[in-house]
Amino acid sequence: MKSIILGSTGSVGRHLVQFMLSSPKYQTIILPVTHTVPEWNTISPEKKEKMKIIEIQNLDFLSYPSAQLMQYFGNERINSLFNCLGDEYSNMQNLMQDEKIYTMKSIDFCERMNIDHFSMISTSSSSPNSNSLYQSIKWQIEDEALRSRIRYVDIYKPYQLDGRDNVGFSEKFYNFICCCFSGTHVFELAKAMVVSDVLIYNSFASGEQGQLTGGYKRQLNPDQIYYLAANEKNPN
């Protein structure tokens with residue numbers, strides 16, 4: 001399997017990298033980053049061979065022409081893309097840039113590159129009728145993903161995420177008013193995302209794609225996220 005992680009240096013993305021490096025299913029993990037993280041320096045050489053780190057200034061490469069993208073990624077067939085952008089926000093401008101613009105571009109990127117599986121993180125409170133810019137933008141992104149031509153779409157919708165390094169003011173406020181709901185830990189979310197990806201790949205490898213009805217677009221609530229993480233075997 002060959003996969004791209006956007007936001008691989010964030011709280012969820014870093015766990016994704018560790019899960020994928022430990023799984024024999026993944027041959028190549030493509031990591032477009034503006035910077036690396038210290039923990040990557042301690043990864044064993046054999047695992048590090050899986051990592052294809054691409055240094056970038058921003059995510060504008062997502063809009064490159066398809067032929068240029070093929071060269072950019074070494075003409076490799078990419079199975080899945082994990083969008084983990086938006087780990088933290090200091091203001092709404094960051095939300096608009098990373099979430100709305102770049103996530104929309106990543107959806108288009110998947111369509112043009114014929115990537116079978118797209119995963120993204122949203123929130124349980126997303127709504128088209130919300131007065132909150134944060135919640136309405138999240139809904140707009142979900143709607144774009146659900147209407148896309150991507151074969152498999154997973155939208156993860158936790159009440160809140162626990163275990164993150166930094167949280168912006170908007171999400172701190174939302175977490176405060178939703179404190180009665182239990183949060184989903186970033187470790188648990190990352191595991192669920194990898195488990196789902198491996199299950200899809202295994203269905204293709206075994207010729208049993210029909211069990212997944214030839215494709216799906218789904219929104220996973222916290223209970224469904226927990227079920228994937230807790231009741232499936234380790235993603236290998």
Side-chain angles (χ1 to χ4, degrees), residues 1-33 47 49-54 62 73 76-87 103 106-107 109-122 141-142 145-146 148-158 161 184-236:
M1 296 174 68
K2 296 178 175 65
S3 299
I4 298 176
I5 304 177
L6 303 181
S8 58
T9 59
S11 299
V12 177
R14 294 204 308 272
H15 284 298
L16 270 177
V17 170
Q18 294 297 329
F19 274 126
M20 295 165 105
L21 289 177
S22 298
S23 170
K25 293 291 185 182
Y26 292 92
Q27 287 78 47
T28 305
I29 307 167
I30 301 170
L31 307 170
V33 295
K47 286 186 177 181
E49 287 184 358
K50 291 185 177 185
M51 301 171 69
K52 183 174 182 178
I53 299 173
I54 301 176
L62 292 167
F73 293 107
E76 295 181 282
R77 171 74 168 91
I78 301 167
N79 302 100
S80 53
L81 183 146
F82 296 85
N83 189 314
C84 301
L85 300 175
D87 238 359
T103 302
S106 72
I107 293 168
F109 172 88
C110 286
E111 291 180 327
R112 292 188 294 118
M113 296 290 285
N114 295 315
I115 295 174
D116 289 316
H117 185 205
F118 174 77
S119 299
M120 61 167 282
I121 304 167
S122 187
I141 299 166
E142 290 178 27
L146 293 171
S148 73
R149 300 189 306 274
I150 305 169
R151 190 168 188 178
Y152 298 97
V153 173
D154 280 322
I155 301 173
Y156 294 86
K157 304 186 63 170
L161 282 177
T184 301
H185 198 278
V186 290
F187 177 91
E188 183 178 74
L189 175 57
K191 183 179 178 183
M193 295 172 81
V194 174
V195 166
S196 179
D197 194 42
V198 170
L199 287 173
I200 290 172
Y201 180 79
N202 285 345
S203 74
F204 277 102
S206 65
E208 299 175 352
Q209 304 97 303
Q211 292 187 4
L212 297 177
T213 65
Y216 63 70
K217 294 179 175 63
R218 63 183 181 180
Q219 298 166 291
L220 294 104
N221 63 37
D223 289 339
Q224 292 167 319
I225 295 170
Y226 175 79
Y227 180 85
L228 268 177
N231 294 289
E232 294 291 344
K233 294 180 180 179
N234 289 331
N236 55 25

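Residues meeting the side-chain hydrogen bond (donor to acceptor under 3.5 Å, both in side chains) test with Gln219, sequence neighbours left out: Glu142. Residues passing the salt bridge (charged side-chain N to carboxylate O under 4.0 Å, His left out) test with Lys50, sequence neighbours excluded: none. Here Ser8 pairs with nothing under the side-chain hydrogen bond (donor to acceptor under 3.5 Å, both in side chains) rule; sequence neighbours left out. For Lys52, the salt bridge (charged side-chain N to carboxylate O under 4.0 Å, His left out) partners at least two apart in sequence or on another chain are Glu76. Residues passing the salt bridge (charged side-chain N to carboxylate O under 4.0 Å, His left out) test with Asp154 are Arg218, sequence neighbours excluded. Scored by the side-chain hydrogen bond (donor to acceptor under 3.5 Å, both in side chains) test, Arg149 finds no partners at all (sequence neighbours excluded).
At least one donor-acceptor pair closer than 3.5 Å links the side chain of Arg112 to the backbone N or O of Leu62. With hydrogens and angles ignored, the 3.5 Å screen pairs no side-chain donor or acceptor of Arg77 with any backbone N or O of Lys2. Judged purely by atom type and a 3.5 angstrom limit, Ser148 uses its side chain to pair as donor or acceptor with the backbone of Ala145. Between the side chain of Ser196 and the backbone N or O of Met193, no donor-acceptor pair lies under 3.5 Å. At least one donor-acceptor pair under 3.5 Å links the side chain of Gln224 to the backbone N or O of Asn221.
The distance from the SG atom of Cys84 to the CG atom of Leu16 is 4.5 Å, given to the nearest 0.5 Å. For the atom pair CD1 of Ile225 and CG of Leu161, the computed distance is 8.0 Å after rounding to the nearest 0.5 Å. Atom-to-atom distance recorded for Ile30:CD1 and Ile78:CD1 is 4.0 Å, nearest 0.5 angstrom. For the atom pair CG (Leu220) and OH (Tyr227), the distance works out to 12.5 Å, reported to the nearest 0.5 Å.
Taking the six-membered ring where tryptophan is involved, the planes of Phe19 and Phe187 are tilted, since the angle between them lies from 30° to 60°.
Asp116 places none of its side-chain heavy atoms less than 4.5 Å from the side chain of Ile200. Contact annotation: the side chain of Ile5 approaches that of Met20 to within less than 4.5 Å [non-hydrogen atoms, C-beta and beyond]. Between Asn202 and Lys25 the shortest side-chain heavy-atom distance falls below 4.5 Å. Side chains of Ser119 and Asp197 form no contact here, defined as non-hydrogen atoms less than 4.5 Å apart. By the 4.5 Å heavy-atom criterion applied to side chains, Thr184 and Tyr226 are not counted as neighbours. At least one side-chain heavy atom of Pro32 sits under 4.5 Å from a side-chain heavy atom of Ile4.
A pairwise comparison of heavy atoms in Lys217 and Leu146 identifies CD-O, 2.9 Å as the closest pair. Between Ile155 and Ser122, the closest heavy-atom pair is CG2-CB, 3.9 Å. In terms of heavy-atom proximity, Val194 sits nearest to Phe82 at N-CE2, 4.5 Å. Nearest heavy-atom pair across Ile29 and Val17 is CD1-O, 4.4 Å. Annotation for Ile141 and Met120: closest pair CG2-CE, 3.5 Å, computed over non-hydrogen atoms. Heavy-atom minimum distance, Ile115 versus Asn79: CG2-O, 3.5 Å.
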Next on the checklist: Could you go through Leu81 and Ile150, starting from their C-alpha distance and side-chain angles, then the distance that decides it, and tell me whether this counts as side chain to side chain contact (heavy atoms under 4.5 Å, CB included)?
Outcome noted: CA-CA 11 Å; Leu81 183 146; Ile150 305 169; over 6 Å; no
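Between Phe118 and Tyr152, the gap from one ring centroid to the other reaches at least 6.0 Å.
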